[in-house]
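Some notes on the structure that comes next.
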Amino acid sequence: MASLRLDKMLAHTGLGTRKEIKKLARAGEILVNGQVVRDTAQKIDPDRDEVVVCGEPVHYREHIYLMLHKPAGYISATEDRSLPTVLELLAEPYADRELFPVGRLDRDTEGLLLLTNDGKLAHELLSPKKHVPKTYLVRVDSPVTAGQWSALELGVVLDDGYRTRPARLEALPGDPCAVLLTITEGKYHQVKRMFAAVGQRVLYLKRLAMGGLWLDQALAPGQYRELTAAELALLQGEK
């Protein structure tokens with residue numbers, strides 16, 4: 001791992017702002033390899049140097065993986081001049097970790113969104129060659145007919161002439177206007193365009209899964225948590 005400024009590394013681990021960390025350093029509460037360090041601009045190697053703050057060892061992780069239950073009204077971007085982004089939902093220690101969303105969900109779409117700073121994994125998950133499956137709850141404005149169902153499963157021609165790959169649909173008991181849709185590609189506004197191609201209008205859209213990762217139903221919209229080791233292994237298996 002490349003060297004990092006000590007204050008930046010400690011801020012990323014959630015030990016406080018850089019101003020608060022400088023105060024700890026002045027008080028002699030920060031040790032690097034057993035030596036008191038008062039200059040927090042000092043560069044360290046998190047993989048080799050031992051850092052202790054207030055008597056507790058600090059373990060730095062280069063990559064962060066968050067599962068976010070994206071609420072409607074937020075855009076999947078790192079910044080925007082007029083609209084709130086999903087990154088604005090994050091608090092410390094994640095807000096300063098230069099995270100980004102893996103793929104995009106429309107502003108009005110809810111559900112599973114992965115946030116990370118691992119560019120390699122993000123590229124693998126988004127690569128068109130990988131055909132990583134994504135499952136959505138889709139609610140439309142009228143019951144899905146047998147003909148529409150078959151067309152979506154076989155693949156439909158979008159408004160730009162592109163024919164989608166075959167999809168998988170599952171019925172939801174008691175709700176003929178809602179289905180679970182699984183696709184293995186990610187064209188712009190694809191789900192809405194697929195249903196428009198068969199004469200349906202999407203009223204509600206929620207992503208439930210990406211690869212082997214399913215949205216934690218305990219997360220309310222706007223809430224997030226780190227992936228477990230098992231969940232991360234599922235995603236890495238998609239590579």
Side-chain angles (χ1 to χ4, degrees), residues 67-77 86 101-116 121-221 227 230-239:
M67 174 192 295
L68 169 70
H69 186 166
K70 178 193 172 297
Y74 289 79
I75 62 171
S76 302
V86 291
V102 178
R104 292 179 178 273
L105 292 179
D106 297 343
R107 183 184 177 190
D108 60 347
T109 300
E110 300 179 4
L112 173 65
L113 188 62
L114 177 66
L115 303 176
T116 186
L121 178 62
H123 174 75
E124 294 288 345
L125 290 173
L126 297 175
S127 172
K129 298 179 181 179
K130 298 296 183 178
H131 304 307
V132 175
K134 293 169 279 287
T135 300
Y136 297 83
L137 167 62
V138 188
R139 183 164 285 110
V140 291
D141 58 357
S142 62
V144 180
T145 67
Q148 292 170 338
W149 190 286
S150 297
L152 290 166
E153 287 191 321
L154 292 172
V156 296
V157 178
L158 302 182
D159 47 16
D160 60 358
Y162 176 80
R163 177 173 286 278
T164 63
R165 290 172 55 83
R168 186 174 77 248
L169 281 76
E170 296 178 56
L172 291 179
D175 192 346
C177 293
V179 298
L180 294 183
L181 172 77
T182 300
I183 58 176
T184 56
E185 52 193 345
K187 301 295 182 181
Y188 181 70
H189 291 323
Q190 180 166 339
V191 175
K192 294 177 181 177
R193 293 166 66 202
M194 286 175 67
F195 278 88
V198 297
Q200 288 279 10
R201 183 167 65 94
V202 173
L203 303 179
Y204 176 78
L205 185 59
K206 180 178 183 179
R207 183 158 69 188
L208 300 178
M210 182 176 187
L213 181 66
W214 283 79
L215 177 65
D216 185 342
Q217 296 302 308
L219 292 177
L227 297 188
E231 288 170 336
L232 179 57
L234 282 173
L235 288 182
Q236 292 174 331
E238 300 288 347
K239 295 170 61 174

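- Between the side chains of Glu185 and Thr164, no donor-acceptor pair is found at a separation under 3.5 Å.
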List the steps and the verdict of side chain to side chain contact (heavy atoms under 4.5 Å, CB included) for Val191 and Leu181. CA-CA 8 Å; Val191 175; Leu181 172 77; 3.9 Å; yes
Run the numbers on Leu125 and Leu235 for side chain to side chain contact (heavy atoms under 4.5 Å, CB included), then give the verdict. CA-CA 8 Å; Leu125 290 173; Leu235 288 182; 4.2 Å; yes
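- A distance of 13.0 Å separates CD1 in Ile75 from OG1 in Thr109, rounded to the nearest 0.5 Å.
- For the atom pair OH of Tyr74 and CG of Leu105, the computed distance is 14.5 Å after rounding to the nearest 0.5 Å.
- Note: Leu215 CG to Lys206 NZ = 5.5 Å, rounded to the nearest 0.5 Å.
- Although no hydrogens or angles enter the test, the distance criterion places no donor-acceptor pair under 3.5 Å between the side chain of Arg207 and the main chain of Gly111.
- Glu153 places none of its side-chain heavy atoms less than 4.5 Å from the side chain of Pro166.
- Ion pairing between a basic and an acidic side chain is recognised when a charged N comes within 4.0 Å of a carboxylate O; Asp160 and Lys187 show no such pairing.
- Side-chain contact between Leu114 and Leu68: absent, with no pair of heavy atoms (C-beta onward) separated by less than 4.5 Å.
- Listed by chain and residue number, nothing satisfies the salt bridge (charged side-chain N to carboxylate O under 4.0 Å, His left out) test with Arg165 (two or more places apart in sequence, or in another chain).
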Worked check of side chain to side chain contact (heavy atoms under 4.5 Å, CB included) between Leu112 and Lys70: CA-CA 6 Å; Leu112 173 65; Lys70 178 193 172 297; over 6 Å; no
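- No side-chain heavy atom of Leu121 sits less than 4.5 Å from a side-chain heavy atom of Thr116.
- Residues meeting the salt bridge (charged side-chain N to carboxylate O under 4.0 Å, His left out) test with Lys192, sequence neighbours left out: Asp106, Asp108.
- Around CZ of Arg193, the count of heavy atoms belonging to other residues, nucleotides or ligands within 6.0 Å exceeds 12.
- Put simply, NZ on Lys129 and CD on Glu124 are 10.5 Å apart, with the number rounded to the nearest 0.5 Å.
- The CG atom of Leu227 sits 9.5 Å away from atom CG of Leu234, with the distance rounded to the nearest 0.5 Å.
- Here the CG atom belonging to Leu169 is positioned 5.0 Å from the CH2 atom belonging to Trp149, to the nearest 0.5 angstrom.
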